[in-house]
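Computed from a prediction, not measured in an experiment: that's the story for all the values here. These numbers come from the heavy atoms of this one structure, side chains and all, not from hydrogens, waters or symmetry mates.
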Amino acid sequence: MGHIILCVAASAIWVLGVLLIGRLRHRYHMRALVAAVVAGVPILGLVTWKCGPLLGLAAFLVGLALLLRPPRRPDAHLGRALPTAERD
């Protein structure tokens, strides 16, 4: 049971780190992605070894989805400007 908690904790820390990569400047983005992959491989191996191949595959797919998602623009949360009222 302790190994599963370790796997979940390590995976959660890795996921939080990957989510924070999007907040970095473009200059550091690629280096951070490489570091996430390098750190994620042993975690993926640990999850697969301790929790089985199905959870290992699930962890792989979650990691792949997080790493391949497109980066957000800094102004993406603002959305588009609201349209002006139409005049008669």
Less than 4.5 Å apart, side chain to side chain, heavy atoms only: is that true for L46 and L6?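 The answer is yes; the side chains approach within 4.5 Å.
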Nearest non-hydrogen partners of V18 and L67, listed with the distance: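 Heavy atoms only, the tightest pair is CG1-CD2, 4.2 Å.
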Closest approach of L24 to A32 (non-hydrogen atoms, all atoms of both residues):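 Taking every non-hydrogen atom into account, CD1-CB, 3.5 Å.
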About how many Å separate [atom2] of [Y] and [atom1] of [X], when rounded to the nearest 0.5 Å?
| X | Y | atom1 | atom2 | value |
| --- | --- | --- | --- | --- |
| H3 | I5 | NE2 | CD1 | 10.5 Å |
| L66 | L61 | CG | CG | 11.0 Å |
| K50 | I4 | NZ | CD1 | 10.0 Å |
| C7 | L44 | SG | CG | 10.5 Å |
| I43 | T48 | CD1 | OG1 | 11.5 Å |

Spell out, as yes or no, whether a donor-acceptor pair under 3.5 Å connects the side chain of W14 to the backbone of A36.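 At least one qualifying donor-acceptor pair exists.
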Is there a path of hydrophobic side-chain contacts, each under 4.5 Å between heavy atoms, that joins L64 and L54?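 Hydrophobic grouping puts L64 apart from L54.
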With a 4.5 Å cut-off on side-chain heavy-atom distances among I, L, V, M, F, W and Y, is there a chain of contacts connecting I21 to V37?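 Linked within one cluster.
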